Participant: 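Structure in structure tokens, see below.
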Protein chains: 2
Amino acid sequence: MTAYEILDQLKNEEAGLAPPTVYRALTALMDEGRAHRLESLNAFVSCQCAHVDHAPVLAVCDDCGSVEEHADEIVMDRLTAITRATGFHARRHVVEVHGSCGACAA
Amino acid sequence: MTAYEILDQLKNEEAGLAPPTVYRALTALMDEGRAHRLESLNAFVSCQCAHVDHAPVLAVCDDCGSVEEHADEIVMDRLTAITRATGFHARRHVVEVHGSCGACAA
DNA sequence: GAAGTGTATGTTATAAGATAACAAATCGGC
DNA sequence: GCCGATTTGTTATCTTATAACATACACTTC
Ligand SMILES: [Zn+2]
Ligand SMILES: [Zn+2]
Ligand SMILES: [Zn+2]
Ligand SMILES: [Zn+2]
């Protein structure tokens with residue numbers, strides 16, 4: 001969901017709600033690890049796994065919009081290693097995969 | 001660089017240039033594989049490697065803004081495999097790493 | 001308990017990023 | 001030269017995000 005879709009939904013319950021309120025709530029949720037930002041869509045999803053500190057692999061279905069979340073240390077560690085080769089110090093990993101989910105690809 | 005930074009630069013040379021022109025040019029460059037979109041920054045970088053079809057790993061220095069480009073089939077193949085486990089069919093990989101480059105991390 | 005001080009929340013306005021829709025020009029084929 | 005088709009230009013608008021200011025609240029100090 002985009003921030004403005006969330007805003008529209010919440011406006012039904014509480015009028016006078018403005019963008020900064022939504023963005024502040026989303027920022028707080030993301031800080032807690034309870035939501036993730038989909039960078040490639042400028043959208044947000046609630047975390048589907050244990051809310052521990054983690055960099056997720058987000059698989060986005062371009063057909064139906066569903067998002068699957070995967071945890072994979074191997075990918076993250078390899079990314080850190082690859083970039084480390086040039087002296088880069090990795091702090092945040094953004095990994096998103098676009099395609100079709102099982103239901104849509106069938 | 002963002003699309004609007006590009007726009008501002010080009011406006012110096014050619015007045016009356018509008019956003020769609022820049023976006024159309026960027027789309028064409030990306031189709032050719034000569035530029036990449038930095039999804040996590042809503043920005044664009046020219047391709048720094050051979051202009052073959054590839055999904056790059058982009059390492060972004062949050063301190064100086066530099067971007068390093070890496071090709072790594074292992075990461076991409078693993079991403080395809082991980083998501084494949086749920087029947088997902090991967091078509092496009094977005095992999096960006098934020099941190100500090102060698103110069104800035106030192 | 002009033003006054004001060006700092007944090008959280010609400011509000012307005014605007015900045016930044018991207019595209020839709022239409023207009024004009026260019027280019028072949030005839 | 002005329003016609004339809006593609007490309008390029010232009011205007012307007014839409015979407016996404018944040019700056020800046022105002023207000024409310026919580027907690028301390030006197
Ligand atoms: Zn998660
Ligand atoms: Zn789907
Ligand atoms: Zn490249
Ligand atoms: Zn740097």
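In what follows, every heavy atom counts, from backbone to side chain, and hydrogens, waters and symmetry copies are set aside. Labels below follow one simple rule: chain letters A, B, ... track the order of the sequence lines, proteins then strands, and each chain is numbered from 1. Computed from a predicted structure; not experimentally measured.
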Participant: Can you measure D31(B) atom CG to dT7(D) atom P for me and round it to whole angstrom units?
Facilitator: 12 Å
Participant: Generate the contact string for nucleotides 11-18 of chain D. Rules: B means base contact, S means sugar-phosphate contact only, - means no protein heavy atom under 4.0 Å.
Facilitator: B----BBB
Participant: Step by step, work out the side-chain contact (heavy atoms from CB on, under 4.5 Å) result for N42(A) and R37(A).
Facilitator: CA-CA 7 Å; N42(A) 294 330; R37(A) 182 181 161 83; 3.0 Å; yes
Participant: Taking only distance into account, with no hydrogens and no angle test, what donor-acceptor pairs under 3.5 Å do side-chain atoms of residues 7-17 of chain B form with protein atoms, sequence neighbours excluded?
Facilitator:
none

Participant: What donor-acceptor contacts under 3.5 angstrom involve side-chain atoms of residues 94-106 of chain B, with partners at least two apart or in another chain?
Facilitator:
| from | atom 1 | to | atom 2 | distance (Å) |
| --- | --- | --- | --- | --- |
| E96(B) | OE1 | S40(B) | N | 2.9 |
| E96(B) | OE1 | S40(B) | OG | 2.4 |
| E96(B) | OE2 | E39(B) | N | 2.7 |
| H98(B) | ND1 | D62(B) | OD1 | 2.7 |
| H98(B) | NE2 | S40(B) | OG | 2.7 |
| S100(B) | OG | R91(A) | NH1 | 3.4 |
| S100(B) | OG | R91(A) | NH2 | 2.6 |
| S100(B) | OG | D63(B) | OD2 | 2.8 |

Participant: Kindly indicate whether the side chain of H70(A), heavy atoms from C-beta on, has any atom under 4.5 Å from the side chain of E68(A).
Facilitator: yes
Participant: With distance as the sole criterion, is a donor-acceptor pair present between the side chains of H93(B) and T80(B) under 3.5 Å?
Facilitator: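 A donor-acceptor contact under 3.5 Å links the two side chains.
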Participant: Would you mind reading off the distance between L17(B) atom CG and dT8(D) atom P, rounded to a whole angstrom?
Facilitator: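 Interatomic distance, CG of L17(B) to P of dT8(D): 13 Å.
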Participant: What is the separation between atom CG on D8(B) and atom C1' on dG17(C), rounded to the nearest whole Å?
Facilitator: 13 Å
Participant: Quickly work out the L7(B) CG to dT10(D) C1' distance and round it to whole Å.
Facilitator: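 L7(B) atom CG is separated from dT10(D) atom C1' by 13 Å.
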Participant: Would you say E32(A)'s side chain and L29(A)'s backbone share a donor-acceptor pair under 3.5 angstrom?
Facilitator: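 Answer holds: no.
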Participant: Quickly work out the R24(A) CZ to dG10(C) P distance and round it to whole Å.
Facilitator: 8 Å
